[in-house]
Amino acid sequence: MPFYSIYWQQLQRWPPLNKMRLWLTPARQRYLWHGITIISFVLTIIGMAYAWRKMPEGEIVLSPIYLGVSVIIYAITYAIHLFGWHSLAIATLGRLPLRLNVEAVATSDLVKYLPTVAWYIANRVHFYEQQQIRRNSVVAASLLEMVIMLGAGTFMYLVLWLIRAQSWLLLLGTLIIIMVILILVYPRINQWWRTRISAYQIASLYQGRYGIIALFWYSISWPIGGLFLVTVLHIFTPVSMADYWSIFYIWLGAALLGSFVSIGIGTLGIAREMSLTYLLAQYWPLPASIATAISVKIILTLGQVFLALVILGWLRLLKKK
């Protein structure tokens, strides 16, 4: 048994923790999550104000039409993630209605800007526990979501990196290294899958088909994200579609770095923005690169919060009717 499992079992028997569980009635839990959501909003506003202050002034020419296009593309990407989680939830948690899974994502998105991804998962766990679904199953599904999302992006990044290298020797060497690594780590991956994912799956009947559908949704969100970066960059400097693959490569690298960092310190981290600025500045003017990185942060943050609030408001109106 891993050391952290033993530690967690001992922590579960800690008297103060048991008293806290008794004190946290369902009503108090709701107030607690409302307070956490407000804190997340405050941190989001602070992050947006800081980003806006860093925006270059008087050095760029704006093309507002591409701002509207980028917002539309982001909304499409958000919908794709909703369908991705819905498919994954069916594959792991059972036949749940689309409305319920969409509400789970929208509710969790409101606390996504707290430090570490733990709050995001905890909010999702709390939501599904109210639907009588085990927390271990929800945690396993959330971990699987991150693995699929980051795995698909990493695979695309490696493919583009090999294509840009234009070296058959490098391609062959990389494939051999990857195969050796997979052979060496396969036993551990298989054990992790059986103990951390499969052991908590509720819906094995739908696992294969809907798992593939979830992989499809999460995978196509990456190239659409590259198109999103093209349109945001086009707000500040001319860009042709011939530049798409270079921009897509930059988007993959910066987004993956930002995702890995956000797992530890939350999405208020600036790893993605700093890497975007540096990589874009290799090909486009520095003021436009800085403005693009900041605009990406603002659109993604405000867009996610706005769409989550719209969805929750719409669902609440449907419940009243």
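In this pair, Tyr74 and Phe228 present their aromatic rings tilted. The plane angle is within the 30 to 60° band.
Across all non-hydrogen atoms, the minimal contact from Pro97 to His86 is C-CE1, 3.9 Å. The shortest non-hydrogen separation linking Ile311 to Ala106 is CG2-CB, 4.0 Å.
In terms of modelled atom types and a separation under 3.5 Å, the side chain of His234 and the main chain of Val239 share a donor-acceptor contact. Without hydrogens or angle criteria, Ser70 side chain to Leu67 main chain gives a donor-acceptor distance under 3.5 Å.
Hydrophobic clustering (ILVMFWY, side-chain heavy atoms < 4.5 Å, transitive): Leu98 and Leu317 are in distinct clusters.
At a threshold of 4.5 Å between non-hydrogen side-chain atoms, the residues Tyr244 and Pro223 count as touching. In this structure, Val305 and Asp109 have side chains that are not in contact, with every pair of non-hydrogen atoms separated by 4.5 Å or more.
Checked against salt bridge (Lys or Arg N to Asp or Glu O under 4.0 Å), Arg99 has the following partners two or more places apart in sequence or in another chain: Glu103. In this view, Tyr78 satisfies the ring-ring contact (aromatic ring centres under 6.0 Å, His included) rule with no residue, not counting sequence neighbours.
A donor atom on one side chain and an acceptor atom on the other are found under 3.5 Å apart for Asn101 and Tyr128. Remark: the Ser240 side chain and the Asp243 side chain contain an N/O donor-acceptor pair separated by less than 3.5 Å.
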